[in-house]
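Notes for the one structure printed next.
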Amino acid sequence: MDQEKVIVIDFGGQYNQLVARRVRECNVYCEIYSYRTDIEQIKAMNPKGIILTGGPNSCYEQDSPTYTEELFALGIPVLGLCYGAQLMNHVLGGKVEKAPVREYGKTEVMVDQTSPLFENVEATTICWMSHFDYISQPAPGFRITAHTADCPVAADEDPERKLYAIQFHPEVLHTVEGSKMLYNFVRNVCGCAGTWRMDSFVENAIKEVREKVGDGKVLLALSGGVDSSVLAALLAKAIGKQLTCVFVDHGLLRKNEGDEVEGVFGPKGSFDINFVRVNAQERYYAKLAGVTEPERKRKIIGEEFIRVFEEEAKKIGTVDFLAQGTIYPDVVESGLGGESAVIKSHHNVGGLPDYVDFKEIIEPLRNLFKDEVRKAGLELGLPDYLVYRQPFPGPGLGIRIIGEVTADKVRIVQDADWIYRSEVDKAAKEYREAHGEDPAWMPNQYFAALTNMRSVGVMGDERTYDYAVAVRAVRTVDFMTAEAAEIPFEVLQTVMSRIINEVRGVNRVFYDLTSKPPGTIEFE
Ligand code: XMP
């Protein structure tokens with residue numbers, strides 16, 4: 001695909017992926033590379049622009065990440081952000097040192113509106129600052145284009161050489177006009193036409209899959225999650241019956257979920273593919289009987305998935321391609337793209353390639369961010385409830401039932417979860433209809449779990465000795481940290497009374513207030 005591209009050079013900042021996402025929101029394709037990437041490689045990519053990210057170091061120290069001066073002489077526009085801004089000035093002969101006043105948080109910035117970066121930006125605008133060093137003297141040839149009360153150089157530039165530096169973070173939403181600044185850079189300074197659109201992505205991806213696959217056979221483990229569903233839809237459009245999707249119902253899915261997945265991808269759905277649903281509930285429950293230790297449960301569920309899939313794959317025989325729903329954050333986080341190498345500890349189908357007889361892996365979504373995967377899903381005609389599905393762990397309800405998993409406990413947690421999610425969705429919908437936006441308490445993930453604790457209650461005139469269900473709702477940006485969402489009390493009360501009345505075996509409902517850390521989002 002001959003796609004105009006901006007590249008982000010990552011110096012270890014926490015917002016590296018955010019920068020790339022914001023650029024893509026300007027309809028410009030963007031990829032992240034480590035600062036260790038060779039200049040020749042960068043030249044070969046022929047980017048329309050280069051953005052240097054923030055980072056935790058001080059650029060004037062010996063071992064800090066840096067980049068050769070050549071980068072600034074390629075004639076390609078460069079935008080430095082925070083550490084990137086300091087580095088640009090430092091490498092080109094300016095001075096960076098410890099700031100007399102450290103700036104952190106939302107800060108008033110006075111900008112020079114004649115700078116191409118600040119076109120249509122208010123003269124005084126709120127920006128997100130987070131730095132302890134500052135540019136005390138711009139590099140020769142640079143002019144100052146923004147300042148704050150404490151920071152004399154909040155931005156500077158040398159438009160002749162197409163070099164721009166910003167001390168604050170335009171990529172975070174707290175910088176009110178940040179998106180406009182990035183738009184000004186990629187569209188006006190770099191001259192990108194803005195051709196990165198999901199409809200053309202889908203069209204191109206279908207074409208590429210067809211070319212690559214030819215008349216070969218493709219196998220996909222479909223979990224019903226967003227990524228694998230979108231991938232299934234894409235492959236279905238591209239190669240139809242050459243695709244076989246194997247969907248393992250491990251009996252630990254949310255209520256009705258198995259049927260929903262079958263409804264969309266099965267014989268009654270709108271795609272003409274081979275769809276295999278394996279009802280492996282009993283097998284899983286048998287393996288899990290008597291097991292209480294969380295890691296052991298996870299392991300059993302993961303291994304059993306591989307066994308079931310392996311059996312199905314054997315029936316199908318050799319395939320040419322195994323399709324995987326890898327997406328861009330997986331690529332960046334596994335250290336192949338950016339700088340911050342975090343290996344995912346729980347990749348759901350991680351072990352699969354070792355057990356399936358195939359020639360090659362295809363990963364058509366590997367360049368997309370999650371929100372782009374969703375947009376592609378809508379383009380492909382998937383229903384909203386699939387596309388906007390909450391994150392759901394591979395081991396499913398197995399890790400939302402504390403202690404031993406049994407069919408009856410699965411029923412309890414499925415029913416309670418269904419009630420809870422419906423009530424939260426209903427309240428959120430009413431709020432949206434009244435106010436035109438999501439309520440401030442809108443959680444990013446919300447679900448019920450079974451505590452495995454039983455206690456005494458009274459129902460009618462009868463003594464009960466039943467389970468306690470916990471409901472949880474968290475607000476989070478990256479799922480690495482989270483806080484409990486303030487679901488309105490009346491919603492929780494309705495949930496409590498419906499769960500106790502409608503779900504047999506439950507006589508108490510707890511609301512989980514724990515943030516992460518110290519808690520995790522899931523219970524096990
Ligand atoms: P924790 O419990 O670690 O969860 O705070 C963070 C996020 O990851 C999801 N999660 C998983 N996702 N396989 C997954 O694909 C797993 O084994 C798994 N465990 C947790 C969890 O739902 C939350 O969104």
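Start at 1 and go down the list; that is how both ligands and their atoms are numbered.
Taking a cut-off of under 4.0 Å to the non-hydrogen atoms of Gly394, the atoms of ligand 1 that pass are 13 (N), 14 (C), 15 (O), 16 (C). Close contacts between ligand 1 and Phe479 involve ligand atoms 6 (C), 24 (O) [criterion: under 4.0 Å to a heavy atom]. Proximity to Thr520 (heavy-atom distance under 4.0 Å) selects the following atoms of ligand 1: 1 (P), 2 (O), 5 (O).
Distances from ligand 1 to the non-hydrogen atoms of Gln390 include no value under 4.0 Å.
Applying the 6.0 Å contact sphere to NZ of Lys516 captures more than 12 heavy atoms from other residues, nucleotides or ligands. Around atom CD of Glu203, no more than 12 heavy atoms belonging to other residues, nucleotides or ligands sit under 6.0 Å away.
Expressed to the nearest 0.5 Å, how far OG1 of Thr514 lies from CZ of Arg472 amounts to 5.5 Å.
Proximity of the aromatic rings of Tyr104 and Trp128 is defined here by a centroid distance below 6.0 angstrom, and this criterion is met.
Inter-residue side-chain proximity for Pro443 and Val474 is flagged as unmet; no heavy-atom pair is nearer than 4.5 Å.
Between Ile399 and ligand 1, a contact under 3.5 Å exists for no N or O pair. Residue Pro395 has no nitrogen or oxygen atom sitting less than 3.5 Å from a nitrogen or oxygen atom of ligand 1, judged on distance alone.
If you check each of Arg298, Glu524, Glu522, Lys516 against atom 9 (C) of ligand 1, the one with the closest non-hydrogen atom is Glu522.
Between Tyr35 and Phe11, the two ring planes are parallel [angle under 30°; tilted spans 30° to 60°].
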